[in-house]
There are 2 protein chains.
Amino acid sequence: MLTEERHVFILNLLKEKEVVKIHELTKATGASESTIRRDLTDLEEAGLLRRVHGGAAKITKKRMELTMAEKTTRFSEEKLAIGRLAASLIEDNDCVFIDAGTTTLALIPFIKASNITAVTNGYDHLQILAEKGIEAYTTGGRLKQSTKALTGTGAVHGLQQYWFDKAFLGVNGIHVKAGYTTPDPEEAVVKREVLKRAQQTFIVTDASKFQESTFAYIANVEEAVIVTGKAPDKTKKMFQEKTDIKEALS
Amino acid sequence: MLTEERHVFILNLLKEKEVVKIHELTKATGASESTIRRDLTDLEEAGLLRRVHGGAAKITKKRMELTMAEKTTRFSEEKLAIGRLAASLIEDNDCVFIDAGTTTLALIPFIKASNITAVTNGYDHLQILAEKGIEAYTTGGRLKQSTKALTGTGAVHGLQQYWFDKAFLGVNGIHVKAGYTTPDPEEAVVKREVLKRAQQTFIVTDASKFQESTFAYIANVEEAVIVTGKAPDKTKKMFQEKTDIKEALS
DNA sequence: TAAAAAACAATCATTTTCAATCATTATTTC
DNA sequence: GAAATAATGATTGAAAATGATTGTTTTTTA
């Protein structure tokens with residue numbers, strides 16, 4: 001029996017039972033005790049079970065879901081609140097742009113408005129919008145594997161067909177002087193184009209981005225409204241002269 | 001036993017079982033250990049299985065669904081062969097268009113050429129191309145949920161930025177008089193635009209599409225080369241006067 | 001609580017599997 | 001048909017997996 005086979009066997013057994021004993025595994029697989037021990041150690045390191053004296057136990061559902069969620073996207077309390085607030089800004093019949101990135105992704109499930117049209121440059125966003133029954137368009141462009149965003153001139157060119165009521169952008173830095181910034185100039189040029197083509201632009205962001213600045217300039221702080229969880233009082237004062245800040249957690 | 005046959009055999013075995021051992025494959029196919037190892041390496045590179053010590057294992061369900069949209073159907077020798085043949089037409093440094101659809105999806109794992117650029121209107125295609133390390137662009141446009149294709153004027157507009165060495169299109173009907181056809185006019189207009197912008201266009205299709213015609217006209221038979229598994233002699237004669245037919249299974 | 005039993009991690013020798021290489025045998029291609 | 005190309009099978013030292021053994025830790029139970 002191959003290592004891989006045993007691993008599958010053990011995990012399947014743990015789907016039915018709460019715990020498995022080493023002795024029963026040696027009998028069932030014909031492998032030695034040492035080998036089974038090694039298997040259990042490996043599987044524990046992979047986060048697929050929990051070792052207990054004499055065998056192994058199913059991982060609690062809660063933890064299981066966590067590890068699963070970690071792989072896809074785990075939204076923090078803050079992100080969910082931001083998402084809910086941002087989504088509430090979308091009204092019936094709006095044409096909106098939704099930027100790539102996890103913060104903007106979090107707003108999609110909360111969209112309540114009907115008959116809206118959405119354009120996105122996020123790979124996952126497109127699918128999730130369509131699944132929700134929202135008329136979903138994409139900008140086109142090159143798929144940047146790391147962020148799963150469509151970028152570059154292809155995306156800009158695609159954008160030039162559309163006009164938005166509202167746009168929701170993610171950024172990496174918000175700085176009084178440096179304005180909104182992001183590390184990748186290819187992405188910055190897309191965001192700038194969106195700003196040009198939207199009546200209202202919202203920057204959705206968690207608190208960690210305030211007073212940070214990264215390489216590529218997108219726009220001045222004045223050019224968009226900030227949607228965030230809770231902004232520190234100090235930064236809030238600095239920004240409030242320049243633009244509106246909507247806070248989800250008050 | 002031919003290489004091709006062994007590959008199909010191994011993949012189908014993996015549809016039933018979680019893992020296959022090298023030893024059992026040598027016995028079943030009569031090939032040497034070296035040959036089986038090579039087969040497994042090839043199939044792993046194509047992303048169709050995962051090598052493990054002593055054999056090979058099914059790849060994770062999620063990826064499986066991605067690469068082979070048809071979960072239930074067996075790997076047909078025809079589809080693999082068509083994919084392999086079509087992929088072999090792509091040369092180093094080519095800029096290619098790859099249409100949405102499962103037949104074109106099957107060619108991606110077999111692409112060997114380096115430094116190529118690919119544009120696609122298939123949602124899954126984009127991701128799989130990028131995973132293979134291929135520079136992947138998308139046309140943009142509206143996501144049609146049923147076929148996961150990007151269609152409409154958005155896609156056409158996106159296409160107009162590019163020029164292709166080779167294009168690979170899927171169709172629903174190939175008919176001497178009706179030409180190439182597809183049910184959705186929104187998709188047909190995209191395919192027509194591709195034909196305009198490619199030096200060579202290949203229609204990748206299984207035998208079932210011959211002498212069928214559907215609603216929306218794409219192009220005349222003369223305008224593309226047909227890549228298929230095995231065309232019936234009768235239809236072959238009819239088409240050979242008009243265009244080239246490349247057969248994967250001879 | 002102390003002794004016995006069971007389970008443990010760590011180590012080592014053995015076996016199995018691996019990738020790389022080479023010579024041989026089909027299969028194209030000219 | 002000859003030369004080039006691709007596929008195959010055998011051989012190799014290296015790497016991985018295995019099972020037995022060790023002394024230690026944990027659990028049981030007397």
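Order of the sequence lines sets the chain letters (A, B, ...), proteins ahead of strands, with each chain counted from 1.
- A residue-by-residue look at A:Gly55 and B:Leu2 shows that A:Gly55 has its nearest nucleotide of DNA chain C further toward the 5' end.
- No hydrogens or angles considered: a donor-acceptor pair under 3.5 Å links the side chains of A:Asp206 and A:Ser208.
- Atom NE2 of A:His23 and atom P of C:dA6 are 11 Å apart (whole Å).
- The pair B:Lys242-B:Glu222 counts as a salt bridge, with a side-chain nitrogen and a carboxylate oxygen less than 4.0 angstrom apart.
- At whole-Å resolution of the value, CG in A:Leu25 and C1' in C:dA7 are 14 Å apart.
- Taking atom CZ of B:Arg51 as the reference point, atom P of C:dT17 lies 12 Å away to the nearest angstrom.
- For the pair B:Lys21 NZ and C:dT16 C1', the computed distance is 13 Å after rounding to whole Å.
- Between the CD atom of A:Glu33 and the P atom of C:dA9 there is a distance of 11 Å, given to the nearest Å.
- A parallel orientation is assigned to the rings of B:Tyr123 and A:Tyr123, their planes being inclined by less than 30° (bins at 30° and 60°).
- Between A:Arg37 and C:dA7, a side-chain N or O to OP1/OP2 separation shorter than 4.0 Å is absent.
- Close to D:dA17, at under 4.0 Å from its OP1 or OP2, lies no side-chain N or O of A:Arg6.
- With hydrogens and angles ignored, a donor-acceptor pair under 3.5 angstrom links the side chain of A:Ser34 to the base of D:dA20.
- For the pair A:Leu40 CG and D:dT18 P, the computed distance is 13 Å after rounding to whole Å.
- Of the residues near DNA chain D, B:His53 and B:Ser32, the one whose nearest nucleotide (by heavy atom distance) lies more toward the 5' end is B:Ser32.
- Looking at heavy-atom distances under 4.0 Å, B:Thr3 makes contact with sugar-phosphate atoms alone, never a base.
- Residue side chain A:Arg38 reaches the base of D:dG19 through a donor-acceptor N/O pair under 3.5 Å, judged by distance alone.
- In summary, the aromatic rings of B:Tyr217 and B:Tyr180 are positioned with their centroids too far apart to meet the 6.0 Å limit.
- The distance from atom NE2 of B:His7 to atom C1' of D:dT8 is 13 Å, rounded to the nearest whole Å.
- In this structure, the CZ atom of B:Arg84 is 9 Å from the P atom of D:dA7, given to the nearest Å.
- Salt-bridge check for A:Lys17 with A:Glu24: passed, with a basic side-chain N closer than 4.0 Å to an acidic carboxylate O.
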